[in-house]
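Comments concern the structure below.
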There are 2 protein chains.
Amino acid sequence: MTGTREKILDAAERLFGKHGVAATSLRRVTSEAGVNLAAIHYHFGSKQDLLDQVILRKAGPMNERRLKLLEEFEAETAPVPVSVEKIVVAFVLPMLLMDKTPDFSRFLGRVHAEGLIPEIAQRNFQPMFDRFLEALHRALPEMSTGELAWKIHFAIGALAHSLTSRPHLAGGNEPDSPLAIATRLVAFLSNGFRAPVTLEREIEVNP
Amino acid sequence: MTGTREKILDAAERLFGKHGVAATSLRRVTSEAGVNLAAIHYHFGSKQDLLDQVILRKAGPMNERRLKLLEEFEAETAPVPVSVEKIVVAFVLPMLLMDKTPDFSRFLGRVHAEGLIPEIAQRNFQPMFDRFLEALHRALPEMSTGELAWKIHFAIGALAHSLTSRPHLAGGNEPDSPLAIATRLVAFLSNGFRAPVTLEREIEVNP
DNA sequence: GTCTATAGGGGGATAGAC
DNA sequence: GTCTATCCCCCTATAGAC
(Lines give C-alpha, C1' and ligand atoms only; values in the text may rest on other atoms or scores of the structure.)
Protein backbone atom coordinates (compact mmCIF):
# COMPACT_ATOMS: atom_id res chain seq x y z
CA MET A 1 0.00 0.00 0.00
CA THR A 2 1.87 3.03 -1.24
CA GLY A 3 1.21 6.44 0.26
CA THR A 4 -0.39 9.42 -1.39
CA ARG A 5 2.91 11.17 -1.81
CA GLU A 6 4.36 8.20 -3.68
CA LYS A 7 1.30 7.88 -5.90
CA ILE A 8 1.58 11.52 -6.88
CA LEU A 9 5.26 11.16 -7.71
CA ASP A 10 4.58 8.08 -9.84
CA ALA A 11 1.77 9.73 -11.78
CA ALA A 12 3.74 12.94 -12.30
CA GLU A 13 6.75 11.02 -13.55
CA ARG A 14 4.61 9.12 -16.01
CA LEU A 15 2.62 12.08 -17.33
CA PHE A 16 5.51 14.54 -17.43
CA GLY A 17 7.46 11.97 -19.40
CA LYS A 18 4.63 11.18 -21.79
CA HIS A 19 3.30 14.65 -22.56
CA GLY A 20 5.94 17.05 -21.31
CA VAL A 21 5.98 19.13 -18.15
CA ALA A 22 4.41 22.33 -19.44
CA ALA A 23 1.65 20.37 -21.14
CA THR A 24 0.71 18.42 -18.03
CA SER A 25 -1.66 19.98 -15.49
CA LEU A 26 -1.65 19.17 -11.81
CA ARG A 27 -5.27 18.18 -12.18
CA ARG A 28 -4.33 15.41 -14.58
CA VAL A 29 -1.64 14.28 -12.19
CA THR A 30 -3.96 14.02 -9.20
CA SER A 31 -6.69 12.45 -11.31
CA GLU A 32 -4.28 9.82 -12.62
CA ALA A 33 -2.98 9.22 -9.11
CA GLY A 34 -6.50 8.89 -7.73
CA VAL A 35 -5.93 11.53 -5.08
CA ASN A 36 -7.32 14.95 -4.30
CA LEU A 37 -6.05 18.05 -6.04
CA ALA A 38 -5.17 19.75 -2.79
CA ALA A 39 -2.90 16.88 -1.77
CA ILE A 40 -0.33 17.96 -4.30
CA HIS A 41 0.06 21.32 -2.64
CA TYR A 42 0.01 19.84 0.80
CA HIS A 43 2.84 17.46 0.00
CA PHE A 44 4.91 19.55 -2.38
CA GLY A 45 3.82 23.17 -2.34
CA SER A 46 4.03 23.96 -6.04
CA LYS A 47 4.40 22.41 -9.45
CA GLN A 48 8.05 23.42 -9.56
CA ASP A 49 8.71 21.74 -6.23
CA LEU A 50 6.92 18.63 -7.43
CA LEU A 51 9.14 18.58 -10.51
CA ASP A 52 12.23 18.88 -8.34
CA GLN A 53 11.12 15.99 -6.16
CA VAL A 54 10.35 13.74 -9.13
CA ILE A 55 13.89 14.31 -10.33
CA LEU A 56 15.56 13.97 -6.97
CA ARG A 57 13.78 10.78 -5.98
CA LYS A 58 15.60 8.71 -8.57
CA ALA A 59 18.42 10.84 -9.95
CA GLY A 60 20.55 10.29 -6.90
CA PRO A 61 20.44 6.48 -7.01
CA MET A 62 20.86 6.54 -10.79
CA ASN A 63 23.97 8.68 -10.64
CA GLU A 64 25.36 6.49 -7.90
CA ARG A 65 24.94 3.47 -10.13
CA ARG A 66 26.72 5.31 -12.90
CA LEU A 67 29.65 6.14 -10.68
CA LYS A 68 29.74 2.65 -9.18
CA LEU A 69 29.88 1.07 -12.65
CA LEU A 70 32.64 3.43 -13.69
CA GLU A 71 34.65 2.62 -10.60
CA GLU A 72 34.23 -1.11 -11.12
CA PHE A 73 35.51 -0.79 -14.67
CA GLU A 74 38.42 1.30 -13.45
CA ALA A 75 39.28 -1.27 -10.81
CA GLU A 76 39.31 -4.02 -13.44
CA THR A 77 41.74 -2.34 -15.80
CA ALA A 78 43.92 -0.26 -13.46
CA PRO A 79 46.42 1.19 -13.93
CA VAL A 80 45.41 1.23 -17.62
CA PRO A 81 42.69 3.84 -18.30
CA VAL A 82 39.22 2.48 -18.92
CA SER A 83 38.16 2.24 -22.56
CA VAL A 84 35.81 4.80 -24.04
CA GLU A 85 33.20 2.07 -24.59
CA LYS A 86 33.08 1.19 -20.96
CA ILE A 87 32.82 4.81 -19.89
CA VAL A 88 29.88 5.23 -22.23
CA VAL A 89 28.28 2.06 -20.95
CA ALA A 90 28.59 3.29 -17.39
CA PHE A 91 26.99 6.58 -18.39
CA VAL A 92 24.18 5.30 -20.58
CA LEU A 93 23.11 2.00 -19.12
CA PRO A 94 21.79 3.09 -15.72
CA MET A 95 19.62 5.63 -17.49
CA LEU A 96 18.25 3.25 -20.11
CA LEU A 97 17.65 0.38 -17.75
CA MET A 98 16.37 2.26 -14.73
CA ASP A 99 13.50 0.34 -13.12
CA LYS A 100 11.47 -2.21 -14.97
CA THR A 101 9.47 0.51 -16.72
CA PRO A 102 10.97 3.26 -18.87
CA ASP A 103 8.98 5.92 -17.01
CA PHE A 104 11.79 7.70 -15.26
CA SER A 105 14.11 7.50 -18.22
CA ARG A 106 11.54 9.03 -20.49
CA PHE A 107 10.75 11.65 -17.93
CA LEU A 108 14.38 12.66 -17.61
CA GLY A 109 14.75 12.73 -21.37
CA ARG A 110 11.80 15.11 -21.55
CA VAL A 111 13.09 17.36 -18.81
CA HIS A 112 16.41 17.54 -20.54
CA ALA A 113 14.83 18.23 -23.89
CA GLU A 114 12.61 20.95 -22.47
CA GLY A 115 15.69 22.46 -20.87
CA LEU A 116 14.14 22.62 -17.43
CA ILE A 117 16.78 20.93 -15.35
CA PRO A 118 16.44 23.11 -12.29
CA GLU A 119 19.41 24.25 -10.27
CA ILE A 120 18.63 21.66 -7.63
CA ALA A 121 19.12 18.89 -10.13
CA GLN A 122 22.02 20.73 -11.70
CA ARG A 123 23.89 20.53 -8.43
CA ASN A 124 22.99 16.86 -8.25
CA PHE A 125 24.36 16.07 -11.69
CA GLN A 126 27.43 18.25 -11.74
CA PRO A 127 29.77 16.04 -9.67
CA MET A 128 28.85 13.02 -11.78
CA PHE A 129 29.48 14.94 -14.99
CA ASP A 130 32.85 16.11 -13.73
CA ARG A 131 33.80 12.58 -12.82
CA PHE A 132 32.97 11.26 -16.30
CA LEU A 133 34.72 14.16 -17.96
CA GLU A 134 37.82 13.27 -16.02
CA ALA A 135 37.57 9.59 -16.99
CA LEU A 136 37.13 10.53 -20.64
CA HIS A 137 40.10 12.82 -20.48
CA ARG A 138 42.21 9.93 -19.26
CA ALA A 139 40.95 7.67 -22.05
CA LEU A 140 41.44 10.38 -24.68
CA PRO A 141 44.25 12.57 -23.37
CA GLU A 142 44.75 14.30 -26.71
CA MET A 143 41.36 16.01 -26.45
CA SER A 144 40.75 19.15 -24.46
CA THR A 145 38.06 19.18 -21.81
CA GLY A 146 36.25 21.80 -23.86
CA GLU A 147 35.95 19.40 -26.77
CA LEU A 148 34.94 16.55 -24.51
CA ALA A 149 32.28 18.71 -22.87
CA TRP A 150 30.74 19.32 -26.28
CA LYS A 151 30.80 15.63 -27.06
CA ILE A 152 29.08 14.84 -23.78
CA HIS A 153 26.52 17.45 -24.77
CA PHE A 154 25.90 15.68 -28.08
CA ALA A 155 25.69 12.35 -26.30
CA ILE A 156 23.10 13.63 -23.87
CA GLY A 157 21.00 14.86 -26.78
CA ALA A 158 21.12 11.50 -28.51
CA LEU A 159 20.38 9.71 -25.26
CA ALA A 160 17.47 11.97 -24.33
CA HIS A 161 15.95 11.69 -27.79
CA SER A 162 16.24 7.92 -27.83
CA LEU A 163 14.44 7.86 -24.49
CA THR A 164 11.45 9.88 -25.58
CA SER A 165 10.80 8.50 -29.04
CA ARG A 166 11.90 6.01 -31.63
CA PRO A 167 12.59 6.24 -35.35
CA HIS A 168 9.45 6.97 -37.33
CA LEU A 169 11.13 5.83 -40.48
CA ALA A 170 10.72 2.95 -42.81
CA GLY A 171 12.63 -0.20 -42.01
CA GLY A 172 12.30 -3.10 -39.66
CA ASN A 173 9.42 -3.32 -37.27
CA GLU A 174 11.24 -5.24 -34.56
CA PRO A 175 10.22 -4.17 -31.07
CA ASP A 176 13.81 -3.22 -30.17
CA SER A 177 14.44 -4.09 -26.55
CA PRO A 178 16.02 -1.48 -24.30
CA LEU A 179 19.19 -3.52 -24.28
CA ALA A 180 19.33 -3.60 -28.06
CA ILE A 181 18.89 0.16 -28.17
CA ALA A 182 21.57 0.56 -25.54
CA THR A 183 23.97 -1.53 -27.56
CA ARG A 184 23.42 0.53 -30.69
CA LEU A 185 23.69 3.77 -28.77
CA VAL A 186 26.91 2.77 -27.03
CA ALA A 187 28.51 1.83 -30.33
CA PHE A 188 27.40 5.08 -31.91
CA LEU A 189 28.50 7.33 -29.08
CA SER A 190 31.80 5.60 -28.37
CA ASN A 191 32.90 6.07 -31.92
CA GLY A 192 31.74 9.65 -31.77
CA PHE A 193 33.85 10.35 -28.73
CA ARG A 194 36.90 8.96 -30.48
CA ALA A 195 36.43 11.22 -33.50
CA PRO A 196 39.35 13.60 -33.91
CA VAL A 197 38.26 17.20 -34.07
CA THR A 198 39.85 19.04 -36.94
CA LEU A 199 38.93 22.54 -35.98
CA GLU A 200 41.70 24.19 -37.92
CA ARG A 201 40.22 22.94 -41.15
CA GLU A 202 36.59 23.85 -40.79
CA ILE A 203 33.92 22.78 -43.16
CA GLU A 204 34.15 24.61 -46.43
CA VAL A 205 30.89 25.19 -48.13
CA ASN A 206 28.99 27.99 -49.80
CA PRO A 207 25.61 28.15 -48.16
CA MET B 1 7.79 46.76 -44.27
CA THR B 2 6.76 43.25 -43.34
CA GLY B 3 3.10 42.38 -42.97
CA THR B 4 1.27 41.34 -39.85
CA ARG B 5 1.29 37.71 -40.83
CA GLU B 6 5.06 37.72 -41.21
CA LYS B 7 5.57 39.52 -37.93
CA ILE B 8 3.50 36.89 -36.14
CA LEU B 9 5.44 34.06 -37.73
CA ASP B 10 8.76 35.66 -36.74
CA ALA B 11 7.70 36.21 -33.15
CA ALA B 12 6.23 32.72 -32.83
CA GLU B 13 9.38 31.14 -34.22
CA ARG B 14 11.52 33.05 -31.76
CA LEU B 15 9.39 32.44 -28.67
CA PHE B 16 8.54 28.82 -29.43
CA GLY B 17 12.24 28.19 -29.87
CA LYS B 18 13.26 30.00 -26.73
CA HIS B 19 10.67 28.77 -24.24
CA GLY B 20 9.01 25.81 -25.91
CA VAL B 21 5.66 25.60 -27.66
CA ALA B 22 3.47 24.54 -24.74
CA ALA B 23 5.03 27.19 -22.52
CA THR B 24 4.40 30.03 -24.98
CA SER B 25 1.02 31.73 -25.07
CA LEU B 26 -0.46 33.39 -28.11
CA ARG B 27 -0.65 36.56 -26.07
CA ARG B 28 3.09 36.67 -25.73
CA VAL B 29 3.42 36.06 -29.43
CA THR B 30 1.14 38.92 -30.44
CA SER B 31 2.63 41.19 -27.83
CA GLU B 32 6.14 40.48 -29.06
CA ALA B 33 5.01 40.96 -32.64
CA GLY B 34 3.30 44.23 -31.78
CA VAL B 35 -0.02 43.15 -33.25
CA ASN B 36 -3.44 42.51 -31.89
CA LEU B 37 -4.36 39.22 -30.28
CA ALA B 38 -7.22 38.60 -32.66
CA ALA B 39 -4.92 38.85 -35.67
CA ILE B 40 -3.44 35.49 -34.90
CA HIS B 41 -6.79 33.81 -35.26
CA TYR B 42 -7.68 35.77 -38.32
CA HIS B 43 -4.51 34.75 -40.12
CA PHE B 44 -4.03 31.23 -38.81
CA GLY B 45 -7.14 30.00 -37.05
CA SER B 46 -5.55 28.20 -34.10
CA LYS B 47 -2.32 27.71 -32.24
CA GLN B 48 -1.80 24.34 -33.90
CA ASP B 49 -2.24 25.86 -37.34
CA LEU B 50 0.21 28.62 -36.46
CA LEU B 51 2.73 25.99 -35.41
CA ASP B 52 2.29 24.18 -38.69
CA GLN B 53 2.84 27.37 -40.65
CA VAL B 54 5.97 28.30 -38.72
CA ILE B 55 7.41 24.93 -39.63
CA LEU B 56 6.29 24.91 -43.22
CA ARG B 57 7.55 28.41 -44.01
CA LYS B 58 11.18 27.40 -43.74
CA ALA B 59 11.28 23.62 -43.59
CA GLY B 60 10.69 23.29 -47.32
CA PRO B 61 13.58 25.54 -48.37
CA MET B 62 15.82 24.01 -45.72
CA ASN B 63 15.19 20.47 -46.91
CA GLU B 64 15.75 21.55 -50.48
CA ARG B 65 19.14 22.90 -49.52
CA ARG B 66 19.93 19.64 -47.82
CA LEU B 67 19.04 17.66 -50.91
CA LYS B 68 20.84 20.09 -53.21
CA LEU B 69 24.03 19.81 -51.16
CA LEU B 70 23.80 16.04 -51.18
CA GLU B 71 23.32 15.98 -54.93
CA GLU B 72 26.28 18.28 -55.49
CA PHE B 73 28.48 16.02 -53.42
CA GLU B 74 27.22 13.01 -55.33
CA ALA B 75 27.94 14.69 -58.65
CA GLU B 76 31.50 15.42 -57.56
CA THR B 77 32.39 11.88 -56.60
CA ALA B 78 30.24 9.80 -58.97
CA PRO B 79 30.29 6.91 -59.53
CA VAL B 80 32.00 6.49 -56.17
CA PRO B 81 29.51 6.79 -53.28
CA VAL B 82 29.71 9.98 -51.25
CA SER B 83 31.59 9.77 -47.96
CA VAL B 84 29.73 9.58 -44.68
CA GLU B 85 31.20 12.94 -43.64
CA LYS B 86 29.74 14.69 -46.64
CA ILE B 87 26.34 13.13 -46.14
CA VAL B 88 26.37 14.35 -42.55
CA VAL B 89 27.48 17.80 -43.63
CA ALA B 90 24.63 17.99 -46.12
CA PHE B 91 22.20 16.97 -43.40
CA VAL B 92 23.46 19.12 -40.57
CA LEU B 93 24.74 22.30 -42.13
CA PRO B 94 21.55 23.73 -43.62
CA MET B 95 19.92 23.33 -40.22
CA LEU B 96 22.72 24.90 -38.23
CA LEU B 97 23.34 27.76 -40.61
CA MET B 98 19.79 28.58 -41.58
CA ASP B 99 19.36 32.35 -41.83
CA LYS B 100 21.65 34.76 -40.09
CA THR B 101 19.95 34.12 -36.76
CA PRO B 102 19.60 30.72 -35.10
CA ASP B 103 15.89 31.30 -34.51
CA PHE B 104 14.48 28.71 -36.86
CA SER B 105 17.08 26.13 -35.98
CA ARG B 106 16.40 26.47 -32.32
CA PHE B 107 12.70 26.38 -32.96
CA LEU B 108 12.97 23.16 -34.92
CA GLY B 109 15.17 21.65 -32.25
CA ARG B 110 12.51 22.43 -29.68
CA VAL B 111 9.69 21.06 -31.77
CA HIS B 112 11.64 17.88 -32.27
CA ALA B 113 12.51 17.62 -28.61
CA GLU B 114 8.91 18.17 -27.55
CA GLY B 115 7.89 15.49 -30.01
CA LEU B 116 5.32 17.67 -31.71
CA ILE B 117 6.27 17.31 -35.32
CA PRO B 118 2.78 17.25 -36.73
CA GLU B 119 1.80 15.02 -39.59
CA ILE B 120 1.96 17.96 -41.97
CA ALA B 121 5.64 18.38 -41.26
CA GLN B 122 6.12 14.64 -41.14
CA ARG B 123 5.02 14.40 -44.73
CA ASN B 124 7.36 17.25 -45.54
CA PHE B 125 10.38 15.58 -43.97
CA GLN B 126 9.80 11.99 -44.98
CA PRO B 127 11.07 12.16 -48.59
CA MET B 128 14.22 13.93 -47.42
CA PHE B 129 14.83 11.31 -44.74
CA ASP B 130 14.38 8.51 -47.24
CA ARG B 131 16.83 10.14 -49.60
CA PHE B 132 19.51 10.42 -46.90
CA LEU B 133 18.86 6.90 -45.70
CA GLU B 134 19.49 5.70 -49.22
CA ALA B 135 22.71 7.70 -49.51
CA LEU B 136 23.93 6.35 -46.19
CA HIS B 137 23.14 2.84 -47.26
CA ARG B 138 25.32 3.31 -50.32
CA ALA B 139 28.17 4.68 -48.21
CA LEU B 140 27.80 1.92 -45.63
CA PRO B 141 26.38 -1.06 -47.52
CA GLU B 142 27.14 -3.48 -44.70
CA MET B 143 24.57 -1.84 -42.43
CA SER B 144 20.87 -2.58 -42.60
CA THR B 145 18.44 0.26 -43.08
CA GLY B 146 17.01 -0.53 -39.66
CA GLU B 147 20.37 0.14 -38.05
CA LEU B 148 20.88 3.27 -40.09
CA ALA B 149 17.44 4.54 -39.14
CA TRP B 150 18.39 4.25 -35.48
CA LYS B 151 21.61 6.09 -36.09
CA ILE B 152 19.78 8.89 -37.85
CA HIS B 153 17.51 8.98 -34.83
CA PHE B 154 20.51 9.41 -32.52
CA ALA B 155 21.92 12.07 -34.81
CA ILE B 156 18.70 14.06 -34.77
CA GLY B 157 18.71 13.98 -30.99
CA ALA B 158 22.26 15.28 -30.81
CA LEU B 159 21.51 17.92 -33.43
CA ALA B 160 18.33 19.11 -31.77
CA HIS B 161 19.97 19.30 -28.38
CA SER B 162 22.93 21.25 -29.71
CA LEU B 163 20.48 23.70 -31.26
CA THR B 164 18.57 24.43 -28.08
CA SER B 165 21.34 24.61 -25.52
CA ARG B 166 25.04 24.38 -24.96
CA PRO B 167 27.20 22.55 -22.46
CA HIS B 168 26.73 23.87 -18.95
CA LEU B 169 29.95 22.27 -17.86
CA ALA B 170 33.28 23.53 -16.77
CA GLY B 171 35.84 24.19 -19.46
CA GLY B 172 36.54 26.87 -22.00
CA ASN B 173 34.38 29.93 -22.27
CA GLU B 174 34.92 30.49 -25.96
CA PRO B 175 31.80 31.76 -27.70
CA ASP B 176 31.77 28.76 -30.09
CA SER B 177 30.60 29.96 -33.48
CA PRO B 178 27.89 27.98 -35.26
CA LEU B 179 30.48 26.79 -37.73
CA ALA B 180 32.73 25.54 -34.95
CA ILE B 181 29.83 23.66 -33.43
CA ALA B 182 28.93 22.24 -36.81
CA THR B 183 32.47 21.01 -37.31
CA ARG B 184 32.51 19.23 -33.97
CA LEU B 185 29.10 17.77 -34.55
CA VAL B 186 29.94 16.48 -38.01
CA ALA B 187 33.07 14.78 -36.71
CA PHE B 188 31.13 13.22 -33.84
CA LEU B 189 28.22 12.00 -35.90
CA SER B 190 30.22 10.75 -38.87
CA ASN B 191 32.26 8.52 -36.64
CA GLY B 192 29.10 7.37 -34.96
CA PHE B 193 27.56 6.34 -38.25
CA ARG B 194 30.64 4.31 -39.10
CA ALA B 195 30.50 2.40 -35.83
CA PRO B 196 29.94 -1.30 -36.42
CA VAL B 197 26.97 -2.62 -34.54
CA THR B 198 27.73 -5.79 -32.69
CA LEU B 199 24.24 -6.80 -31.76
CA GLU B 200 25.03 -10.46 -31.36
CA ARG B 201 27.35 -9.66 -28.45
CA GLU B 202 25.21 -7.38 -26.35
CA ILE B 203 26.47 -5.49 -23.40
CA GLU B 204 27.06 -7.76 -20.47
CA VAL B 205 26.44 -6.21 -17.15
CA ASN B 206 24.65 -6.93 -13.92
CA PRO B 207 22.48 -3.94 -13.20
C1' DG C 1 -7.87 43.49 -42.18
C1' DT C 2 -7.71 45.27 -37.70
C1' DC C 3 -9.61 46.44 -33.47
C1' DT C 4 -12.46 45.92 -28.65
C1' DA C 5 -14.84 43.16 -25.78
C1' DT C 6 -16.01 39.06 -23.93
C1' DA C 7 -17.22 34.39 -23.76
C1' DG C 8 -15.91 30.13 -21.73
C1' DG C 9 -12.75 27.09 -19.86
C1' DG C 10 -8.65 25.45 -17.42
C1' DG C 11 -4.86 26.54 -14.85
C1' DG C 12 -2.19 26.94 -10.05
C1' DA C 13 -2.90 27.95 -5.56
C1' DT C 14 -5.30 28.56 -0.92
C1' DA C 15 -8.72 28.67 3.07
C1' DG C 16 -10.97 26.20 6.15
C1' DA C 17 -14.04 22.20 7.60
C1' DC C 18 -13.42 17.57 8.93
C1' DG D 1 -3.66 14.30 6.17
C1' DT D 2 -7.53 14.70 3.32
C1' DC D 3 -11.50 16.80 1.61
C1' DT D 4 -14.73 20.75 -0.63
C1' DA D 5 -15.15 25.03 -2.28
C1' DT D 6 -13.39 28.86 -4.27
C1' DC D 7 -10.28 32.70 -5.65
C1' DC D 8 -8.07 34.73 -9.32
C1' DC D 9 -5.43 34.65 -13.15
C1' DC D 10 -4.26 33.54 -17.87
C1' DC D 11 -5.49 31.01 -21.65
C1' DT D 12 -7.65 30.10 -26.52
C1' DA D 13 -11.12 31.38 -29.32
C1' DT D 14 -15.01 34.10 -31.20
C1' DA D 15 -18.46 37.84 -32.10
C1' DG D 16 -19.12 42.02 -33.94
C1' DA D 17 -17.98 47.16 -34.58
C1' DC D 18 -15.02 49.82 -37.45
Side-chain angles (χ1 to χ4, degrees), chain A residues 1-57 103 107-108 110-111 113-121, chain B residues 1-57 107 110-111 113-121:
Chain A
M1 191 52 193
T2 54
T4 298
R5 189 190 155 86
E6 222 58 34
K7 282 195 279 193
I8 292 174
L9 287 171
D10 288 342
E13 180 180 290
R14 223 183 65 74
L15 292 174
F16 285 167
K18 190 167 185 182
H19 307 288
V21 176
T24 301
S25 70
L26 297 184
R27 290 174 146 82
R28 281 192 71 173
V29 173
T30 50
S31 152
E32 169 105 359
V35 305
N36 188 276
L37 172 59
I40 221 169
H41 292 101
Y42 174 79
H43 285 285
F44 300 96
S46 73
K47 187 176 185 177
Q48 178 63 51
D49 290 332
L50 170 60
L51 177 60
D52 289 348
Q53 291 308 315
V54 175
I55 295 175
L56 287 182
R57 177 172 63 151
D103 285 349
F107 161 77
L108 249 195
R110 244 327 152 185
V111 170
E114 289 191 54
L116 309 160
I117 300 280
E119 322 80 51
I120 285 189
Chain B
M1 191 54 192
T2 55
T4 298
R5 190 190 155 87
E6 222 59 31
K7 282 195 279 193
I8 293 173
L9 287 171
D10 288 342
E13 180 179 289
R14 223 183 64 76
L15 292 174
F16 285 167
K18 189 165 184 182
H19 308 287
V21 176
T24 302
S25 70
L26 297 186
R27 291 175 136 80
R28 283 192 68 173
V29 173
T30 50
S31 152
E32 170 106 357
V35 305
N36 188 276
L37 173 59
I40 223 168
H41 293 101
Y42 174 79
H43 286 284
F44 301 97
S46 72
K47 187 176 185 177
Q48 178 63 53
D49 289 332
L50 170 61
L51 177 61
D52 289 348
Q53 291 308 315
V54 175
I55 295 174
L56 286 183
R57 178 172 63 151
F107 161 78
R110 251 318 158 186
V111 170
E114 290 190 54
L116 308 162
I117 301 278
E119 322 81 49
I120 285 189

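Naming: A, B, ... by sequence-line order, numbering from 1 per chain.
Mapping A:Arg27 and B:Tyr42 onto DNA chain D via the closest heavy atom, the residue that lands nearer the 5' end is A:Arg27.
Using a 4.0 Å cutoff to heavy atoms of chain A, the contacted part of DNA chain C runs 5' to 3' from C:dG11 to C:dT14.
We find that CD1 of B:Ile8 is positioned 14 Å from C1' of D:dA13, with the value rounded to whole Å. Rounded to whole Å, atom P of D:dC10 lies 16 Å from atom NZ of B:Lys47. Rounding to whole angstrom units, NE2 of residue B:His43 and C1' of D:dA13 are separated by 16 Å. Rounded to whole angstrom, the span from the CG atom of B:Leu37 across to the P atom of D:dC10 amounts to 14 Å.
The side chain of B:Ser25 places an N or O atom within less than 4.0 Å of a non-bridging phosphate oxygen (OP1 or OP2) of D:dC11. Within the structure, a side-chain polar atom (N or O) of B:His41 is placed less than 4.0 Å from OP1 or OP2 of D:dA13.
Of the possible donor and acceptor atoms, one in the side chain of A:Arg110 sits under 3.5 Å from a partner among the backbone N and O of A:Lys18. Without hydrogens or angle criteria, A:Glu114 side chain to A:Val21 main chain gives a donor-acceptor distance under 3.5 Å. With B:Glu32 contributing its side chain and B:Leu15 its backbone, the two residues share no donor-acceptor pair below 3.5 Å.
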Next item on the list: Report the C-alpha separation of A:Asp52 and A:Gln48 in whole Å, then their side-chain angles, then the decisive distance to 0.1 Å, and conclude whether the side chain to side chain donor-acceptor pair (under 3.5 Å) test is met.
Entry: CA-CA 6 Å; A:Asp52 289 348; A:Gln48 178 63 51; 3.2 Å; yes
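With a 4.5 Å cut-off on side-chain heavy atoms, A:Asp49 and A:His41 do not count as touching.
Nucleic acid contact for B:Ala38: base, since at least one base atom lies under 4.0 Å from a heavy atom of the residue.
Atom CG in A:Asp103 sits 8.0 Å away from atom CG in A:Asp10 (nearest 0.5 Å).
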